[in-house]
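As structure tokens, the structure follows; a few thoughts come after it.
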Amino acid sequence: NAGVTQTPKFQVLKTGQSMTLQCAQDMNHEYMSWYRQDPGMGLRLIHYSVGAGITDQGEVPNGYNVSRSTTEDFPLRLLSAAPSQTSVYFCASRRNLAPDNEQFFGPGTRLTVL
Amino acid sequence: AQSVTQLDSQVPVFEEAPVELRCNYSSSVSVYLFWYVQYPNQGLQLLLKYLSGSTLVKGINGFEAEFNKSQTSFHLRKPSVHISDTAEYFCAVSDLRNNNDMRFGAGTRLTVKP
């Protein structure tokens, strides 16, 4: 198993540009989520999905869109990038919402918005 | 919503010394508690978790943590650290009513010196 994969690893955008961060998992997990990591703030939940076709907002959803058309993929879209979205983005997945399921994280995407 | 405070942003320690990384949480309901480790340029890995039962939880790599409900704490300990333990450590909490929403602390950077 590849686990949770994310592409790209690094990205530089100009203000106002759009892009999609890709996330895929091959463990048949129902639950997938996106976090951003900023210095001194830990990880904050952006959006999550409990299954194909079902998404919901987390703690910091503004400026981001998600969709979940398949179990495997959970892309994160920035429609109009802003410097405040400069961050490291992590995708995570776990089997389901049961608390004893381990959450697996991808390697991250480092995004810089100029 | 629940929240997490990690009391030390950086902890330097010499190799083979004991270490304690402190974590306090706040929540109006019962919680699940987690410690994650992040090695440089990698995603997060689960070290250990408290769901219920014994308040002393043992994890991977010789780490353990103790849940103290009266102190609302979940401190991480290791009796003898190695150079390879140098990493960032995150405490996280989710409450029993809403397991979608895991909140992370800001992180503690552990640096083990020879």
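Throughout, protein chains are lettered first and strands after them, A, B, ... in sequence-line order, and every chain is numbered starting at 1.
- Separating the CZ atom in A/Arg44 from the CZ atom in B/Arg103 is a distance of 10.0 Å, to the nearest 0.5 Å.
- Contact annotation for B/Glu88: neither backbone nor side-chain heavy atoms come within less than 4.5 Å of a heavy atom of chain A.
- Defined by atom type and a distance below 3.5 Å, a donor-acceptor pair is missing between the side-chain atoms of B/Asn24 and B/Ser26.
- When the side-chain contact (heavy atoms from CB on, under 4.5 Å) test is applied to A/Pro107, the partners found at least two apart in sequence or on another chain are A/Gln6.
- For A/Phe90 and A/Tyr35, the distance between ring centers is not under 6.0 angstrom.
- Considering only heavy-atom pairs separated by less than 4.5 Å from chain B, the leading option among A/Gly108, A/Gly40, A/Pro39, A/Ser33 is A/Gly40.
- Within the 4.5 angstrom heavy-atom criterion, only side-chain atoms of B/Leu51, from C-beta onward, approach chain A.
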